[in-house]
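Every value quoted in this text rests on a predicted model; they were computed, and no experiment measured them.
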Amino acid sequence: ACEPQSIDGIKDMILSTVDPESWQDSEMGFITMNNQTLTVRTTPENHAKIVEYFGGLRRNTFRMVEVSTRVYAGPRELVVVLEGKMEGLALSTEGEAALGQLELLDNVKSIGFTAQRVTGNSLRQQAYIRDLTAVIGSNVGILDPDIGYVQLGTSSDVRAIPSAEGDKVLLELRTTYTRLRNMGIMEMNDEVQTSGRDDKGEATTTKSKRVIVTPEVDLVSARGTFRVPKERWIPVGSGADKGDPAQQYLILVRVRVIEN
């Protein structure tokens, strides 16, 4: 049996590869799902193509795939030009050569089976003092830190379903890249009157200084379903550098089916 996500992927692959225009008219054909079962109504010719598709899918089941995720950064103008060097959804040979002009920030590789989730992470936790209160009395000072954590790096979750012909791959992906830009700092000073008295009989006060730190991060994410050629770099997401609008991030994914 297939997991629900796999059934969704198979349905999407059929709709996009087997006479796509015929599915736009519900009287001509439709595909429904019920309890992980596909029900198909279409022409005899399309039924034959679907049978052929499932034959190819069985041949590709339990094959290994290598999923590579790269994150680049560079001038916004260069990234826009690069995104224009496409052959369908994939970078052209010229576009792949131009990647060398960008800064490679992360490169994550993971291996798994076709039609199953392949996860790859390159994550680290950055500790910081989220809230620091310094209480200063007449003879003593106390520091009360509150430690926080922010998760940085790349997280990739991809399911790859090869087409029956083997030249295309249906990608279901969720990829996120987080980069720390700065730690924002805000200070607050308070004076609190205490019950004590000084040598002159006046009420004493305690000074409190509070420091609040907030991580400032760039977050770039990509999520969706793509039907792409295998072994080609596919731009799946981009985003601006909040600290420098002239800079842009770019996420690319490549799937390689490992031959037996």
Side-chain angles (χ1 to χ4, degrees), residues 5 67-80 99 102-112 117-159 171-198 202-224 235-253:
Q5 296 92 337
V67 180
S68 301
T69 304
R70 288 184 179 179
V71 182
Y72 289 89
R76 184 176 182 276
E77 293 81 1
L78 181 57
V79 173
V80 171
L99 288 174
L102 301 177
E103 177 188 2
L104 178 61
L105 300 177
D106 214 343
N107 185 13
V108 179
K109 287 187 178 182
S110 51
I111 294 178
R117 290 269 174 208
V118 180
T119 58
N121 298 308
S122 174
L123 299 172
R124 68 183 187 281
Q125 284 190 333
Q126 174 71 51
Y128 66 98
I129 300 177
R130 179 166 49 196
D131 194 337
L132 176 64
T133 302
V135 181
I136 304 173
S138 56
N139 297 315
V140 66
I142 300 175
L143 295 178
D144 183 16
D146 179 13
I147 306 300
Y149 300 89
V150 60
Q151 189 163 264
L152 307 172
T154 302
S155 174
S156 178
D157 184 346
V158 178
R159 184 194 301 276
L171 291 183
E172 300 173 0
L173 67 86
R174 292 176 295 188
T175 301
T176 302
Y177 173 74
T178 308
R179 187 183 195 185
L180 180 65
R181 289 192 298 105
N182 191 25
M183 287 290 187
I185 299 177
M186 181 174 63
E187 296 183 1
M188 295 183 294
N189 296 300
D190 297 308
E191 281 195 3
V192 181
Q193 185 170 308
T194 67
S195 58
R197 299 283 176 174
D198 59 16
E202 297 179 354
T204 59
T205 59
T206 297
K207 294 183 179 180
S208 174
K209 184 174 183 178
R210 188 178 181 190
V211 179
I212 299 176
V213 180
T214 304
E216 298 175 357
V217 301
D218 286 332
L219 175 65
V220 187
S221 61
R223 182 171 185 170
V236 294
S238 61
D241 184 331
K242 295 178 181 178
D244 184 359
Q247 293 290 110
Q248 188 97 354
Y249 297 104
L250 181 63
I251 300 177
L252 297 102
V253 172

**Item:** For the student: nearest non-hydrogen atoms of Thr69 and Ser156, plus distance
**Value:** OG1-OG, 3.1 Å
**Item:** Where Val108 and Ser122 come nearest, the two heavy atoms and their spacing
**Value:** CG2-CB, 3.5 Å
**Item:** Side chains of Met183 and Pro215 in contact at under 4.5 Å (non-hydrogen atoms)
**Value:** yes
**Request:** Over all heavy atoms of both residues, which pair between Pro235 and Leu250 is shortest? Give the atoms and the distance, please.
**Result:** CB-CD1, 4.2 Å
**Prompt:** If we only count heavy atoms from C-beta on, is the Leu99 to Leu252 side-chain gap below 4.5 Å?
**Reply:** yes
**Request:** Determine, step by step, whether Asp218 and Lys242 satisfy the salt bridge (charged side-chain N to carboxylate O under 4.0 Å, His left out) criterion, reporting the C-alpha distance in whole Å, the side-chain angles of both residues, the deciding distance to 0.1 Å, and the verdict.
**Result:** CA-CA 6 Å; Asp218 286 332; Lys242 295 178 181 178; 5.4 Å; no
**Request:** Assess whether atom CZ of Arg181 is packed by more than 12 heavy atoms of other residues, nucleotides or ligands within 6.0 Å.
**Result:** yes
**Asked** Between Ser155 and Asn121, does any side-chain donor sit less than 3.5 Å from a side-chain acceptor?
**Response** yes
**Prompt:** To the nearest 0.5 Å, what is the distance between CD (Gln126) and CD (Gln151)?
**Reply:** 12.0 Å
**Complete:** Residues Ala240 and Gln248: closest non-hydrogen pair is CA-OE1, 3.9 Å
**Fill in**
In this structure, OH of Tyr72 is separated from CG of Leu78 (nearest 0.5 Å) by 12.0 Å
**Message:** If I take atom CG from residue Leu219 and atom OG1 from residue Thr178, how far apart are they, to the nearest 0.5 angstrom?
**Reply:** 4.5 Å
**Asked** What heavy-atom pair brings Ala127 and Ile147 nearest, and what distance separates the two atoms?
**Response** CB-CG2, 4.5 Å
**Item:** Interatomic distance, Thr214 atom OG1 to Arg130 atom CZ [nearest 0.5 angstrom]
**Value:** 10.0 Å
**Request:** Mark yes or no for whether Asp241, through its side chain, and Gly243, through its backbone, hold a donor-acceptor pair below 3.5 Å.
**Result:** yes
**Message:** How about CZ on Arg76, more than 12 heavy atoms from neighbouring residues, nucleotides or ligands closer than 6.0 Å, or not?
**Reply:** no
**Item:** Value rounded to 0.5 Å, distance of NZ in Lys109 from CD1 in Ile111
**Value:** 8.5 Å
**Prompt:** Val150 versus Val217: any side-chain heavy-atom pair under 4.5 Å?
**Reply:** yes
**Request:** Mind checking the CG-CZ spacing from Leu102 to Arg70? Nearest 0.5 Å is all I need.
**Result:** 11.5 Å
